[in-house]
Asker: 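Before I ask anything, let me first share the structure, which is written out below as structure tokens.
Lettering of chains follows the sequences in order, A, B, ..., and the numbering in each one begins at 1.
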Amino acid sequence: MSLETLLQRSVWAQGLTPAQRERVVAEIQVRPVESGGYVCRKGDPSHAWFGVIDGLVKIATASASGKSVTFTGVPAGAWFGEGSVLKRENRKYDVMALRDSVLAHMPIATFDWLLDTSIPFNRFLTLQLNERLGQFIAAVEHERLLDTDARVARSLSSMFNPTLYPSDDTTVQISQEELSYLAGVSRQRVNLALKVLEQAKLVKVDYGVLTILDLEGLREFGM
DNA sequence: TCATTAAATTGTT
DNA sequence: AACAATTTAATGA
């Protein structure tokens, strides 16, 4: 994908005037990140709002003892990081590329200007924040109520939220180990869960790649 | 293009 | 957690 394509697919950018759009394009910086590299680290000052042009990143933290928890995987087409930008605080989480990725950095000044001048931009942010809140509430609910297979199914489907990540791509390039960090279970258990989900014809499992065959079925699996 | 090798990922215990 | 098997990517003939 290119920056242009990302903007074409972003609802907030569709609602900009040509002049606004021109300024946005001029001020966004495009930066590649290699697999395993950091987009930003916990504690970094928040200089920009991020868009994923290509690849896949995760938002995560590592505990003092070294255990890592992934909060969400963020696929191409998504925008994230507005929380810390809005609050003028340092980053609260690490953001790492799970494979070679390309990120759009919108400077905080551009972000603030859109916030002051564009209704569609504000509408988008409200929608996105609301959608995220729903997603994390649901994540807590599912963690406590669902069995492991269903939790893996939900973790996987969370990366295909059509509101947060509009895309027609039905594949994710992610290892089972990374999916285990996202679901909060062991890699071995993810391996078993994927076999169950594959049996149910909800996903197709290939080397390093998962293909969603039935998103609705994945969402409702085990409920 | 094919063979070899290293690295990553998966499958199993 | 450990280990074997499999797949991919890179390298060079």
Asker: According to ring-ring contact (aromatic ring centres under 6.0 Å, His included), who are the partners of A/F121, at least two apart in sequence or on a separate chain?
Answerer: A/W12, A/W49, A/F111

Asker: Tell me the salt bridge (charged side-chain N to carboxylate O under 4.0 Å, His left out) pairs involving residues 102-123 of chain A, sequence neighbours left out?
Answerer: A/R88-A/D112

Asker: Sequence neighbours excluded, which residues qualify as side chain to side chain contact (heavy atoms under 4.5 Å, CB included) partners of A/A193?
Answerer: A/D149, A/V152, A/R189

Asker: If we fit an axis to the first five pairs and another to the last five of the helix from B/dT1-C/dA13 to B/dT13-C/dA1, what angle do they make, to the nearest 10°?
Answerer: 10°

Asker: Using the side-chain hydrogen bond (donor to acceptor under 3.5 Å, both in side chains) rule, collect all pairs that involve residues 213-223 of chain A, keeping only residues at least two apart or in two chains.
Answerer: A/E216-A/R219

Asker: Provide the full list of side-chain hydrogen bond (donor to acceptor under 3.5 Å, both in side chains) pairs with a residue in residues 34-45 of chain A, sequence neighbours left out, each pair given once.
Answerer: none

Asker: Partners of A/R144 by salt bridge (Lys or Arg N to Asp or Glu O under 4.0 Å), sequence neighbours excluded?
Answerer: none

Asker: Which residues pass the side-chain hydrogen bond (donor to acceptor under 3.5 Å, both in side chains) test with A/D147, sequence neighbours left out?
Answerer: none

Asker: Which letter, B, S or -, goes with each nucleotide of nucleotides 5-11 of chain B from 5' to 3', with contact meaning a protein heavy atom under 4.0 Å?
Answerer: ---BBBB

